[in-house]
Asks: 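Sharing a structure below in structure tokens format, with a few things to ask.
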Amino acid sequence: MQAAEAATKAAAESQTRRMVDNIPDLLRENPDHPHWDVVADRCLSCANCTLACPTCFCSDVEDVNDLTGDHTERWRTWDSCFTADFSYVHGGSVRRSTKSRYRQWLTHKLSTWHDQFGSSGCVGCGRCIAWCPVGIDITAEAAAFAAGPQQSGG
Ligand code: SF4
Ligand code: SF4
């Protein structure tokens with residue numbers, strides 16, 4: 001137990017990146033910030049970050065049956081808020097653009113997760129950074145909302 005705590009402490013102390021303060025409020029107050037377009041230009045909507053993240057839990061449900069119709073199964077499968085189908089409601093997807101999907105992911109993870117679960121949805125592991133094929137860094141993106149112009153409306 002002591003060894004585990006020491007390893008955790010050492011890992012925390014070796015962190016070189018920091019999440020900006022008040023990020024829950026920054027994201028809540030800036031759904032139309034111009035930086036969403038900037039990150040959307042880079043993001044491939046590949047879902048790697050959500051598949052690597054230890055706290056992402058989005059899933060889908062599929063019903064399958066054999067040709068006889070005698071046997072049916074219901075499968076729960078991994079899904080991601082970065083897929084177009086994830087937000088499909090009758091007639092189409094609610095979040096059709098990469099911009100809307102990235103905004104959903106970051107805002108849920110760092111802001112509305114607090115409302116839902118009483119904590120951040122990010123444990124600071126950095127796996128989403130390591131596995132992003134275009135090098136998007138959640139801490140850098142979050143910092144952009146603290147540094148850049150803040151807009152509302154539009
Ligand atoms: S750094 Fe945060 S958002 Fe990224 S994979 Fe780890 S817990 Fe998830
Ligand atoms: S891993 Fe990177 S490119 Fe892929 S969806 Fe996540 S942020 Fe976008």
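Model, not experiment: these values are computed from the prediction. The first residue in the sequence is number 1, and the count goes up from there. Counting starts at 1 for both ligands and their atoms, in listed order.
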Asks: Please tell me if the side chains of Thr50 and Cys58 come closer than 4.5 Å, counting only heavy atoms from C-beta onward.
Replies: no
Asks: What is the closest protein heavy atom to atom 8 (Fe) of ligand 2, and at what distance does it sit?
Replies: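 Result for atom 8 (Fe) of ligand 2: Cys43 SG, 2.4 Å.
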Asks: Is there a path from Val20 to Leu106 through hydrophobic residues (I, L, V, M, F, W, Y) whose side chains come within less than 4.5 Å of each other?
Replies: yes
Asks: Counting from 1, what ligand 2 atoms have a heavy atom of Phe82 closer than 4.0 Å?
Replies: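 Counting atoms of ligand 2 from 1, those under 4.0 Å from Phe82 are 5 (S).
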Asks: Closer than 3.5 angstrom, by distance alone: can the side chain of Trp36 be matched with the main-chain N or O of Asn30 as a donor-acceptor pair?
Replies: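 Yes, the answer is positive, given that a donor and an acceptor are paired below the 3.5 Å cut-off.
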Asks: Shared ILVMFWY cluster between Leu44 and Ile129, side chains joined below 4.5 angstrom?
Replies: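 In one cluster: yes.
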Asks: Please list, in number order, the atoms of ligand 1 under 4.0 Å from a heavy atom of Gly126.
Replies: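 Within the 4.0 Å cut-off of Gly126, ligand 1 contributes 1 (S), 6 (Fe).
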Asks: Show which atoms of ligand 2 fall inside a sub-4.0 Å distance from at least one heavy-atom site of Ala47.
Replies: 4 (Fe), 5 (S)
Asks: Just by modelled atom types, is the Asp115 backbone N or O under 3.5 Å from a matching donor or acceptor in the Thr112 side chain?
Replies: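 A pair under 3.5 Å: no.
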Asks: Between Thr83 and Asp85, is any side-chain donor less than 3.5 angstrom from a side-chain acceptor?
Replies: no
Asks: Would you sort out whether Ser45 and Phe82 count as a side chain to side chain contact (heavy atoms under 4.5 Å, CB included), showing the intermediate values?
Replies: CA-CA 5 Å; Ser45 215; Phe82 276 98; 3.7 Å; yes
Asks: Does any N or O in the side chain of Arg101 come within less than 3.5 Å of the main-chain N or O of Arg95, such that one atom is a donor and the other an acceptor?
Replies: yes
Asks: Please write down residue, atom name and distance for the protein heavy atom closest to atom 2 (Fe) of ligand 2.
Replies: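 Protein heavy atom with the smallest distance to atom 2 (Fe) of ligand 2: Cys132 SG, 2.3 Å.
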Asks: Could you please give the number of protein N/O/S atoms within less than 2.8 Å of atom 8 (Fe) of ligand 1?
Replies: 1
Asks: What residue and heavy atom of the protein are closest to atom 3 (S) of ligand 2, and at what distance?
Replies: Leu44 N, 3.3 Å
Asks: Nearest heavy-atom pair of Arg42 and Val134: which atoms, and what distance?
Replies: NH2-O, 3.2 Å
Asks: Just by distance, do the side chain of Asp79 and the backbone of Asp60 share a donor-acceptor pair under 3.5 Å?
Replies: no
Asks: Under 4.0 Å from a heavy atom of Ser45: which atoms of ligand 2 are those, numbered in the order shown and with their elements?
Replies: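 It comes down to these atoms of ligand 2: 5 (S), 8 (Fe).
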Asks: Any idea which protein heavy atom is nearest atom 4 (Fe) of ligand 2, and the distance to it?
Replies: Cys46 SG, 2.3 Å
